[in-house]
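Shown next, in structure tokens, is the structure this report addresses.
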Amino acid sequence: MDSLDHLGSNNKAKHPPGLYLLFFTEMWERFSFYGMRAMLVLYLTAQYISGGLGYSESAAISIYGFFVGACYFTPLLGGYLSDRYLGRRRSITIGGLCIALGNLSLFAVQNDLFMAIGLALIIIGNGFFKPNVSTLVGDLYPKHDKRVDSAYTIFYMGINIGSFLAPLVCGFLAEQWLKVDMVDFIIYGYKYGFLAAGIGMIIGQLLYNMLGPRYLGDIGKAPVNHKAKHSGSSVKEKVPMTGKEKRQTAVILIITCFVIFFWAGFEQAGSLLTLYTQQFIDKSIFGFEIPVSWFQSVNPLFIILFAPVISYLWMTLSKRKRGDLSFATKMGLGMVLLGAGYMVLLIAVNQTGSDPAEATRQASILFILGTYFFHTIGELFLSPVGLALVNKISPAKLTSLLMGVWLASTGVANIIGGQFASKINALGYFNTFAVIGGLSILLGLILLLLSKKLTNMAAIEADTF
């Protein structure tokens, strides 16, 4: 009996229960990652006496940058090892255990050695976990199943629920509940925040390993090459890719180039948009001043609210006679929406100017909320669809590796976005937002024009995407 049949995925009206298991597995992993990440720079720069490591701000930022970048590049190696030797299910467990041990190392001892060990384990664990859990979602469905885009959108909700809760919970433990207020200084409970992040990862792994045999069956247990050798297929590991497979791989790489710019603009939320919010946005509501850091929860909150709507939209469109929108159309629209978010901010900058020393008024909070709204809808049009694209059209022996390439694009985007953000003093907010927004809209329109060509290269029917 086919494992997909066993899991009930041929019931076209519903998603297989394995999707929701992976939803919670990913939610707890993102809780662990974003909880730890939210405290990392604070932990590094806090003095020893206050529960930190006493690094300078520049050194802490360098460590943080290397850590985040490495977390996006190790999925390349993790995907390769999964495809060749380990299988996706085993790789997810290895990754989860490494991440948990990394957080527990940060909790156990507060010194440079355990900090390095902890971050290294999290980097390694992320490489094994991230590409394989994303790929496993697609493995639950037959090839070209119309539910896959909807499934990845639901899966994406798990990512953002974890991302939303993590800074609130771990940050509250570290900076409020478990801090010790001494007479002359404060001892922060950063280590307890790391402990909470580690416990979150352990919870996710317990659910995954206890319920996996029931809800995932044999999916993802064997390496791709092992399955090929034992399935009666004549396909061998060293057999060259067909022309169709080469074109499909080319489509993924082309789309990835566009996606790099999307994330370079999107990730300004942690730098340029945060600085603009701090300096120029009126954050007072009924006499309460909203902390600037809380605005980082707006995007995951919008994801949670609107992901079901977008998921329903894709399911509804797939039932039309004309079928669903093509993947390139969705992603092109996502880039246009990112640019539209920056256009909203141009109105605000016209009111406030770019120099905080000369600003005579602050812009309404609705401007920054509107920007995050457009960016979130753009993200929902682009990111889950991209995950589904990699799974749908990548050659079987390269699926996890290409998923790693997809994830690594975010690492490249962070580097590019950071370099561009450093030019803010020379360009000013208006010019910076105009360039990012204008280029995003332009590239989105180009992607829309290429939609039919890319769909043909991918060798799929438009109504299956």
Side-chain angles (χ1 to χ4, degrees), residues 31-74 98-127 163 166-198 200-201 267-275 278 291-296 410-411 413-422 424-425:
F31 176 92
S32 174
F33 182 80
Y34 279 97
M36 179 281 305
R37 197 181 78 163
M39 299 178 297
L40 182 57
V41 170
L42 297 174
Y43 169 65
L44 293 173
T45 55
Q47 297 301 310
Y48 284 105
I49 198 172
S50 295
L53 295 184
Y55 281 88
S56 67
E57 289 186 359
S58 59
I61 291 172
S62 296
I63 293 171
Y64 175 85
F66 172 79
F67 167 73
V68 175
C71 282
Y72 284 115
F73 284 108
T74 51
C98 285
I99 293 170
L101 289 173
N103 280 289
L104 293 178
S105 296
L106 293 170
F107 161 73
V109 181
Q110 285 68 60
N111 63 25
D112 292 348
L113 175 61
F114 274 77
M115 180 271 293
I117 292 173
L119 295 185
L121 284 169
I122 294 171
I123 290 169
I124 293 169
N126 195 74
S163 303
L168 301 179
V169 174
C170 296
F172 176 73
L173 290 175
E175 298 184 65
Q176 294 293 330
W177 192 23
L178 296 176
K179 73 177 182 180
V180 179
D181 194 350
M182 308 298 286
V183 176
D184 298 321
F185 59 92
I186 296 175
I187 302 175
Y188 291 101
Y190 294 118
K191 67 177 184 178
Y192 297 108
F194 295 133
L195 176 61
M201 189 70 253
E267 293 296 341
Q268 299 301 327
S271 54
L272 284 181
L273 299 188
T274 294
L275 289 173
Q278 180 185 49
V292 176
S293 60
W294 284 17
F295 285 87
Q296 295 306 301
T410 308
N414 273 279
I415 295 172
I416 294 173
Q419 291 298 310
F420 189 80
S422 67
I424 184 63
N425 289 334

On a heavy-atom basis, which atom in [X] and which in [Y] lie closest, and how many Å separate them?
X: S105; Y: I117; answer: OG-CG2, 4.0 Å
X: I124; Y: C98; answer: CG2-SG, 4.4 Å
X: T74; Y: I123; answer: OG1-O, 3.0 Å
X: C170; Y: A196; answer: SG-CB, 4.1 Å
X: M36; Y: F67; answer: CE-CZ, 3.1 Å

Given side chains that start at C-beta, do those of [X] and [Y] come closer than 4.5 Å, heavy atoms only?
X: S50; Y: Y190; result: no
X: V169; Y: W177; result: no
X: L44; Y: M115; result: yes
X: L106; Y: I122; result: yes
X: L121; Y: I99; result: no

Quiz item: Which of parallel (below 30°), tilted (30 to 60°) and perpendicular (above 60°) describes Y43 and F194?
Solution: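 The arrangement is perpendicular - the two ring planes meet at more than 60°.
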Exercise. Would you give the length of the straight line joining atom CG of N103 to atom CZ of F33, rounded to the nearest 0.5 angstrom?
Key: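 Spacing of CG (N103) from CZ (F33) equals 10.0 Å.
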Quiz item: Is it true that atom CG of L168 has more than 12 heavy atoms of other residues, nucleotides or ligands lying nearer than 6.0 Å?
Solution: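 Above 12, so yes.
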Quiz item: For Y192, does the OH atom sit with more than 12 other heavy atoms under 6.0 Å from it, leaving out its own atoms?
Solution: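 No, because the 6.0 Å sphere around OH of Y192 holds 12 heavy atoms or fewer from other groups.
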